[in-house]
Amino acid sequence: VQLQAFGGGLVQAGGYLRLSCVASGRAFNRYDMGWFRQAPGKGREFVAAIVWAGDATYYTDSVKGRFAISRDNTKNTLYLQMNSLKPEDTAVYYCAGTDAVARLPRRISPGQEYEYDYWGQGTQVTVSS
């Protein structure tokens, strides 16, 4: 599986962006998917995740109420709608995926990097004050 993220850009504080992540290959609907980000000089951190069936989502506290993760399994695409952006949201955003169905009945820990086997190349989001 190859993941390609796009949709980043430069936006003013309070603005919005929608990131997309397109997966190549089949079986996207088996994958738990997540978004992570890495700000300059910092480690990569979890942002949001959505399970393979789309019926559960997870967010880090700093984006709750502002960001929304979703997926369209018919288009092999993952989304991250980012509203009310803040300068501290500036980072490279990465999408990631793992075959969750193959791991059943174990459920992954969605906020943990080690759970994900596939990573996109990242897309830069810059929020100006």
Side-chain angles (χ1 to χ4, degrees):
V1 174
Q2 291 186 326
L3 304 175
Q4 184 173 6
F6 57 95
L10 173 64
V11 64
Q12 290 187 332
Y16 63 91
L17 285 172
R18 187 174 82 156
L19 305 184
S20 300
C21 174
V22 179
S24 65
R26 296 174 293 179
F28 178 74
N29 58 1
R30 297 170 54 96
Y31 284 70
D32 284 357
M33 299 295 297
W35 288 99
F36 289 76
R37 66 186 180 186
Q38 186 167 19
K42 296 186 177 180
R44 193 154 55 185
E45 66 169 351
F46 169 72
V47 176
I50 185 168
V51 301
W52 59 277
D55 56 356
T57 57
Y58 307 88
Y59 298 92
T60 192
D61 285 346
S62 63
V63 308
K64 285 180 181 177
R66 300 189 297 122
F67 290 10
I69 189 170
S70 62
R71 65 190 297 159
D72 185 338
N73 287 345
T74 67
K75 297 181 179 180
N76 282 13
T77 303
L78 173 74
Y79 302 99
L80 184 68
Q81 179 67 43
M82 304 186 296
N83 299 326
S84 302
L85 282 162
K86 303 176 181 180
E88 52 263 43
D89 295 318
T90 294
V92 177
Y93 283 71
Y94 299 90
C95 57
T98 186
D99 187 340
V101 173
R103 300 185 187 201
L104 290 174
R106 186 181 84 82
R107 301 298 297 269
I108 72 166
S109 297
Q112 300 300 320
E113 286 188 55
Y114 66 79
E115 295 279 25
Y116 296 89
D117 301 310
Y118 304 100
W119 292 81
Q121 84 286 5
T123 184
Q124 175 71 48
V125 172
T126 302
V127 184
S128 63
S129 58

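Quick note: numbers below take in every heavy atom, side chains included, and nothing from hydrogens, waters or symmetry partners. For this chain, numbers begin at 1 and follow the sequence in order. Just so it is clear, the structure is predicted and the values come from calculations on it, not from any experiment.
A donor-acceptor pair under 3.5 Å is formed between the side chain of R71 and the backbone N or O of V51. When atom types are taken as modelled, the side chain of Y58 and the backbone of S109 share no donor-acceptor pair closer than 3.5 angstrom.
Applying the ring-ring contact (aromatic ring centres under 6.0 Å, His included) rule to Y118 yields the partners Y31; only residues at least two apart in sequence or on another chain are considered.
Using a 4.5 Å heavy-atom threshold, the side chains of T90 and Q124 count as touching. With contacts defined as side-chain heavy-atom distances shorter than 4.5 Å, the pair R37/V63 qualifies. Looking at Y79 and C95, their side chains never come closer than 4.5 Å, going by heavy atoms from C-beta outward.
Salt bridge annotation for K86-D89: absent, with no cationic side-chain nitrogen under 4.0 angstrom from a carboxylate oxygen. Salt-bridge annotation for D32 and R107: absent, with no side-chain N of the basic residue lying under 4.0 Å from a carboxylate O of the acidic one.
With rounding to the nearest 0.5 angstrom, the CG atom of N29 is 8.0 Å from the CG atom of N76. Summarising the geometry, atom CE belonging to M33 is positioned 11.5 Å from atom OG belonging to S70; distances are rounded to the nearest 0.5 Å. How far CZ of F28 is from CG of D72: 8.5 Å, rounded to the nearest 0.5 Å.
Residues V92 and M82 fall into different hydrophobic clusters, defined by Ile, Leu, Val, Met, Phe, Trp and Tyr side chains chained together at heavy-atom separations under 4.5 Å. With hydrophobic clusters built from ILVMFWY side chains whose heavy atoms lie under 4.5 angstrom apart, F67 does not share a cluster with Y94.
In terms of heavy-atom proximity, Y116 sits nearest to A49 at OH-CB, 3.6 Å. Between A48 and L80, the closest heavy-atom pair is CB-CD1, 4.2 Å.
Applying the side-chain hydrogen bond (donor to acceptor under 3.5 Å, both in side chains) test to pairs two or more places apart or on separate chains, those with a residue in residues 97-106 are R30-D99, T98-R103, T98-D117, R103-E115, R103-D117, R106-E115.
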Report all side-chain donor-acceptor pairs from residues 2-22 shorter than 3.5 Å, counting only partners two or more places apart or in another chain.
none

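Relative orientation of the F46 and F36 rings is perpendicular, given thresholds of 30° and 60° on the angle between their planes.
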